[in-house]
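So the structure is just underneath, and the comments pick up after that.
Throughout, protein chains are lettered first and strands after them, A, B, ... in sequence-line order, and every chain is numbered starting at 1. Not measured: the values here are computed from a predicted model.
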There are 2 protein chains.
Amino acid sequence: MQLAGLDAASLKTVRVSVVDQLYATLRGAIIDNDLSPGARISETEIAQHYGVSRQPVREAFIKLANEGLLEIRPQRGTFVAKISRPAVMDARFVREAVEADIVKLLAQAPEPALIADLRDQLVRQRQIIGGSARDFMEADEAFHHTLAAGAGKENAWRVIVEMKAQMDRVRFLSSMHFSVARLVDQHTQLVDAIAAGDAVGAEQAIRFHLRGILQDLPIIEQEHPEYFR
Amino acid sequence: MQLAGLDAASLKTVRVSVVDQLYATLRGAIIDNDLSPGARISETEIAQHYGVSRQPVREAFIKLANEGLLEIRPQRGTFVAKISRPAVMDARFVREAVEADIVKLLAQAPEPALIADLRDQLVRQRQIIGGSARDFMEADEAFHHTLAAGAGKENAWRVIVEMKAQMDRVRFLSSMHFSVARLVDQHTQLVDAIAAGDAVGAEQAIRFHLRGILQDLPIIEQEHPEYFR
DNA sequence: TCTTGCATACTACCATACAAGTCAAGAGAG
DNA sequence: CTCTCTTGACTTGTATGGTAGTATGCAAGA
């Protein structure tokens, strides 16, 4: 069965399972805070809402629970996982470690084609300044993905995506706080260091950049204590 | 509700879901190469073997597929994932990056209690020399877990466990090759560096250690090409 | 006022049935 | 013999029913 409203691209020969559609939809809703931390969602409710049976909903729930985005409490209910400060900080820790090694690799052997691609993205990022937070977060994801792909670490990117989900939930809540211009400046410094073959500088740049993303976490926690564990 | 003084292990009444049991069993079988890469396993077959229905088997399959240990091909069949050299190398890359940052943290503020614990484990590891590969791999896992826990990164450890699974599959195949004594020596050098507060030395030690683990990968691939993608 | 027992209405877990896609063996035509 | 098509025995995907565990409200009793 097909989900209504989600199937623009599915007219192609690609059949995407109901589970995957539900997974993507719910994941986005959680990260965007359409489903708030602590909110209760039941298999039955979601199944009826999308006109599918409970089983694919359940399987999508399991996937999301594995990512730490849902908490399934047997015989009690399923809830959007509350934000855990240690979990978010550890996610950042892992992401920082991995991306630091990635940019070190890139800086040790800078490829002109990659640098050009990155600089091109920087231009577009500057055009977003003043625009929507969501547009920037998409561009930001593309930028970091380019770094990983450029280092030939597509598989490692999968790990980063998982860590990013935890961080982005917080980040979305702080969309009123963060300065896009400042983040683009940090991206620029990073690319400059890579282009110059400055591994140490690149590592410092990415670590500083990633640590800054969550600097508003204490503020968020104070503003929305009900979203935290 | 849990009664005071009665922990989970002391109660036979603790119900662990069928899914989790299947997941743990199958995961162990895959890593230990009891289920070889490329082998076909069907939901029905496993369900009948364990006397359960297809549904929990299916859900355990999904979990294992998310970890990259199974490959589910819709309407075709489910197979034990063949070992992908890029995937294994990326898993090592991620693990190395994370553990490097962990030991740097530890070395920057070495705690005597933790050092004592680690040295205690080193003694037991030396007693295993000449023993079974499986015993050492258990002790090795405990050692690395202690490092992560000592740095207060329990959540990060979950990522390491996932990366380890990919590496351990290869490692098990090379159990005839690797020298336990050499690995324990590397562990010892690492602990010495941490105890001395030598962050640079600790980082070098863990990176060297983790890179050595997979040094036999080309040999394994030559001996068992059918296990590789 | 506070506790206790129980009916009730949920929940997720598991079993079973059906649907739909894949693939290979084999019949039949050329 | 070679090619094409059909058939049917697989596979996973989805739907639905039944079961046991859990929270909750309320009435009876201390």
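If you check every strand for non-hydrogen atoms under 4.0 Å, B:Ile41 touches sugar and phosphate atoms only.
Bending across the helix from C:dT1-D:dA30 to C:dG30-D:dC1, expressed as the angle between its end axes from five pairs apiece, amounts to 0° (10° rounding).
Residues meeting the salt bridge (Lys or Arg N to Asp or Glu O under 4.0 Å) test with B:Glu154, sequence neighbours left out: none. Evaluation of the salt bridge (Lys or Arg N to Asp or Glu O under 4.0 Å) rule for A:Asp101 yields A:Lys104, B:Arg207 as partners, not counting sequence neighbours. Legend: residues meeting ring-ring contact (aromatic ring centres under 6.0 Å, His included) with B:Phe79, ordered by chain and number and at least two apart, are absent. With sequence neighbours excluded, the residues forming a salt bridge (Lys or Arg N to Asp or Glu O under 4.0 Å) with A:Arg211 are A:Glu96, listed by chain and number. With sequence neighbours left out, the ring-ring contact (aromatic ring centres under 6.0 Å, His included) criterion links A:Tyr227 to A:His224. In this structure A:His49 satisfies the ring-ring contact (aromatic ring centres under 6.0 Å, His included) test with no other residue, sequence neighbours excluded.
A heavy-atom distance below 4.0 Å to DNA chain C is reached by these residues of residues 54-64 of chain A, ordered by number: A:Arg54, A:Gln55, A:Arg58.
Taking atom CZ on B:Arg73 and atom C1' on C:dC23, their separation rounds to 11 Å, with Å as the unit. For the pair B:Asp20 CG and C:dA12 C1', the interatomic distance rounds to 13 Å; values are reported in whole Å. Between the CD atom of B:Glu43 and the P atom of D:dT14 there is a distance of 11 Å, given to the nearest Å. Note: CG (B:Leu70) to P (D:dT12) measures 11 Å, nearest angstrom. A:Gln48 has its CD atom 14 Å from the C1' atom of C:dT11, to the nearest Å.
The list of ring pair (Phe, Tyr, Trp, His ring centres under 6.0 Å) pairs with a residue in residues 131-169 of chain B, not counting sequence neighbours, reads B:Phe143-B:His187, B:His144-B:His187, B:His144-B:His209, B:His145-B:Trp157. The salt bridge (charged side-chain N to carboxylate O under 4.0 Å, His left out) analysis of residues 42-62 of chain B, with sequence neighbours excluded, yields the pairs A:Arg58-B:Glu59, A:Glu59-B:Arg58, B:Glu43-B:Arg54, B:Glu43-B:Arg58.
Take the nearest nucleotide of DNA chain D for A:Pro74 and for B:Thr78: the residue whose nucleotide is more 5' is B:Thr78.
The two residues B:Leu35 and B:Ile41 come nearest to each other via the heavy atoms CD2-CG2, 4.0 Å. Between A:Ala100 and A:Ile206, the shortest heavy-atom contact is CA-CG2, 3.8 Å.
Distances shown here put a side-chain N or O of A:Ser53 below 4.0 Å from the OP1 or OP2 atom of D:dA15. A:Arg76 has a side-chain polar atom (N or O) that falls below the 4.0 Å cut-off from OP1 or OP2 of D:dA23.
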Using a cut-off of under 3.5 Å, enumerate the N/O to N/O pairs linking the protein to nucleotides 5-10 of chain C.
none

Pairs of donor and acceptor atoms involving the side chains of residues 20-30 of chain B, under 3.5 Å and at least two apart or interchain, shall be tabulated with distances.
unit_1: B:Asp20; atom_1: OD1; unit_2: B:Lys63; atom_2: NZ; d: 3.3
unit_1: B:Asp20; atom_1: OD2; unit_2: B:Ser17; atom_2: OG; d: 3.2
unit_1: B:Gln21; atom_1: NE2; unit_2: B:Val16; atom_2: O; d: 3.0
unit_1: B:Tyr23; atom_1: OH; unit_2: B:Glu67; atom_2: OE2; d: 2.1
unit_1: B:Thr25; atom_1: OG1; unit_2: B:Gln21; atom_2: O; d: 2.8
unit_1: B:Arg27; atom_1: NE; unit_2: B:Glu67; atom_2: OE1; d: 3.4

